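Structure record follows, encoded as structure tokens.
Given the structure is predicted, the values throughout are model-derived calculations rather than measurements.
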Amino acid sequence: MRIRDIMSARPVVVRRDEPAGEIARLMAAADVRHLPVVEDGDVVGVWTPGPGGEHVLLGPERVHRAQGDDDAAAVMEALMGEAEIAVVWDEGAPAGVVTRADAVAILRAALDRGIGRRHRRPVIVRLAGPAGAGKTTLLIQALSRLPRVATAVVQANASVPSADEAGGAPRRLMGAPVVEDPHAHWRAGLARAVERLGDAQLILVEDRDGTLEESPPIGEDAQVAVMPAGRLGELRAEALTDVQALVVTRMDEADDVEVARALEPLRARCAGMEVFPVAAGRDDRGVDGWARWLEALALRR
Ligand SMILES: Nc1nc2c(ncn2[C@@H]2O[C@H](COP(=O)(O)OP(=O)(O)OP(=O)(O)O)[C@@H](O)[C@H]2O)c(=O)[nH]1
Ligand SMILES: [Mg+2]
């Protein structure tokens, strides 16, 4: 929006030598709280009521000079800083003003319309992969490594909805609330499950077992493919187009060189995709990197 769209046109202005009594009379007559002082084709100050009711003359440093075509947002910024008033200049004459009170009124109108509300929407991360790939294990490992993030779980890899479906408290896994619901494999079901975990910052969804081809996005913020190292050969790059991260599990049983070779074409085709090779077990190799990635996703929101 341009400043001419929000300014009050044809402002009352005064000369520098205007008598003080005239200032008060003009303000009352025009029902304004600011009188710009104009001299030699420029604004050199502004009269405004002081804290004690007397009128004070503020210097030019408190006046933001603008053109009608200027971006209104820049004027708002000036009014939030040092400027008491913005005077819009057009063809050598004052054409309009925007005051701090105007800025506050605009802000109030925006708030009344709900503008500025921050939705406390959680970050939803969906884990998809074949049966036994290590999805649940990854989820548990993440839960134990995210002390700063309020994390919850949606278990769509369950055969029946959990007993709390009717509205009771969800059961807990490592302190995190868990909603079990096979319907969360679909968009509407996931949305319902997420609704019930409203206070969470991060929601980890274990999707039902399946290939990635069967896993189009259903409203999550990030999709994670989970694949055991020994089965990487089954993955096709085309199936990874919606995937932000690939977790390669069972690295403790795998040959690093073979895994690197299998990953090469996938990395080449999916440039932005993170890859986390992990091993569940005694040293949980690679799991910290996976948890840090999740933490960054959740905290950045
Ligand atoms: N050796 C080894 N075993 C693992 C690893 N990750 C998971 N497992 C084991 O693999 C089995 C399946 O792991 P889950 O985490 O249950 O896998 P899932 O994908 O959730 O499996 P479903 O939900 O049953 O489809 C469990 O016995 C895990 O202990 C790993 O990195 N290395
Ligand atoms: Mg599981």
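- For the residue pair Ala222 and Leu297, the shortest heavy atom distance occurs at CB-CD1, 4.0 Å.
- Salt bridge status for Arg300 with Asp221: absent, with no side-chain N to carboxylate O gap under 4.0 Å.
- Listed by first and then second residue, the salt bridge (Lys or Arg N to Asp or Glu O under 4.0 Å) pairs that reach into residues 123-134 are Arg126-Asp207, Arg126-Glu220, sequence neighbours excluded.
- Note on Leu202: it clusters hydrophobically with Trp293, by side-chain heavy-atom contacts below 4.5 Å among ILVMFWY residues.
- The pair Glu213-Arg236 meets the salt-bridge criterion, with a side-chain N (NZ, NE, NH1 or NH2) lying under 4.0 Å from an Asp/Glu carboxylate O.
- No option in Val123, Leu299, Thr151 other than Leu299 meets the side-chain contact (heavy atoms from CB on, under 4.5 Å) test with Gln201.
- Note on Val14: it does not cluster hydrophobically with Val97, by side-chain heavy-atom contacts below 4.5 Å among ILVMFWY residues.
- Sorted by first and then second residue, the ring pair (Phe, Tyr, Trp, His ring centres under 6.0 Å) pairs with a member in residues 31-63 form an empty list; sequence neighbours excluded.
- Applying the side chain to side chain donor-acceptor pair (under 3.5 Å) rule to Arg108 yields no partners; only residues at least two apart in sequence or on another chain are considered.
- You'll find the side chain of Leu197 stays beyond 4.5 Å of the side chain of Pro122, heavy atoms only.
- One hydrophobic cluster holds both Val37 and Met27 under the rule that ILVMFWY side chains link at heavy-atom gaps under 4.5 Å.
- Going from atom CD of Glu82 over to atom CZ of Arg62 covers 6.0 Å, rounded to the nearest 0.5 Å.
- Rounding to the nearest 0.5 Å places CZ of Arg192 at 11.0 Å from CH2 of Trp186.
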With a 3.5 Å cut-off and sequence neighbours excluded, list the donor-acceptor pairs that the side chains of residues 265-279 form with protein atoms.
| from | atom 1 | to | atom 2 | distance (Å) |
| --- | --- | --- | --- | --- |
| Arg269 | NH1 | Glu238 | OE2 | 3.2 |
| Arg269 | NH2 | Glu238 | OE2 | 3.3 |

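- Shortest non-hydrogen contact noted between Gly219 and Arg121 is O-NH2, 3.9 Å.
- Within a 6.0 Å sphere centred on CG of Asp283, other residues, nucleotides and ligands contribute more than 12 heavy atoms.
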Using residues 128-141 as the side-chain source, report each donor-acceptor pair under 3.5 Å to any protein atom, sequence neighbours left out, with the distance given to one decimal.
| from | atom 1 | to | atom 2 | distance (Å) |
| --- | --- | --- | --- | --- |
| Lys135 | NZ | Gly129 | O | 3.3 |
| Lys135 | NZ | Pro130 | O | 2.9 |
| Lys135 | NZ | Asp209 | OD1 | 2.8 |
| Thr136 | OG1 | Glu206 | OE1 | 2.5 |
| Thr136 | OG1 | Glu206 | OE2 | 3.1 |
| Gln141 | NE2 | Asp284 | OD1 | 3.3 |

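- Residues Ile3 and Ala86 come closest through the heavy atom pair CD1-CB, 4.5 Å.
- In terms of heavy-atom proximity, Leu246 sits nearest to Met227 at CD1-CB, 4.3 Å.
- There is a path of hydrophobic side-chain contacts, each under 4.5 Å, that joins Val259 to Val243.
- Between Arg25 and Glu22, at least one side-chain N (NZ, or NE/NH1/NH2) sits under 4.0 Å from a carboxylate O, which counts as a salt bridge.
- When side chains are defined from C-beta on, Leu143 counts as touching Val153, because their heavy atoms get closer than 4.5 Å.
- Put simply, CG on Leu235 and CG on Leu263 are 9.0 Å apart, with the number rounded to the nearest 0.5 Å.
- For CD of Glu195, the number of neighbouring non-hydrogen atoms (other residues, nucleotides, ligands) closer than 6.0 Å is 12 at most.
- Under a hydrophobic-cluster definition in which Ile, Leu, Val, Met, Phe, Trp and Tyr are linked whenever side-chain heavy atoms come within less than 4.5 Å, directly or via other members, Val224 and Val287 are assigned to the same cluster.
- A donor-acceptor distance shorter than 3.5 angstrom exists from the side chain of Asp102 to the backbone of Thr99, with no hydrogens or angles considered.
- Residues Leu294 and Leu204 have side chains in contact (heavy-atom distance under 4.5 Å, counting atoms from C-beta outward).
- The minimum heavy-atom distance between Ala254 and Ala229, with the atom names listed, is CB-CB, 3.4 Å.
- The residues Glu84 and Arg100 are annotated as salt-bridged, a charged nitrogen and a carboxylate oxygen being separated by less than 4.0 angstrom.
- Annotation: side chain of Arg208 is not in contact with side chain of Glu214 (no heavy-atom distance under 4.5 Å).
- With values rounded to the nearest 0.5 angstrom, Leu35 atom CG is found 8.5 Å from Glu18 atom CD.
- Taking CG from Leu240 and OG from Ser215, the interatomic distance works out to 11.0 Å, rounded to the nearest 0.5 Å.
- With hydrogens and angles disregarded, no donor-acceptor distance shorter than 3.5 Å links the side chain of Arg196 to the backbone of Val179.
- Listed here is the closest heavy atom pair of Ala158 and Glu180: CB-CB, 4.1 Å.
- Without hydrogens or angle criteria, Arg65 side chain to Val87 main chain gives no donor-acceptor distance under 3.5 Å.
- Put simply, CD1 on Ile23 and OG1 on Thr48 are 11.0 Å apart, with the number rounded to the nearest 0.5 Å.
- Checked options Leu212, Val205, Val125; the residue passing with Gln223 is Leu212 (criterion: side-chain contact (heavy atoms from CB on, under 4.5 Å)).
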Just distance, no hydrogens or angles: give the donor-acceptor pairs under 3.5 Å from side chains in residues 67-76, sequence neighbours left out.
| from | atom 1 | to | atom 2 | distance (Å) |
| --- | --- | --- | --- | --- |
| Asp69 | OD1 | Arg4 | NH2 | 3.1 |
| Asp70 | OD2 | Gln67 | N | 2.9 |
| Asp71 | OD1 | Ala73 | N | 3.2 |

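- A salt bridge is absent between Glu295 and Arg145; no separation between the charged side-chain nitrogens and carboxylate oxygens falls under 4.0 Å.
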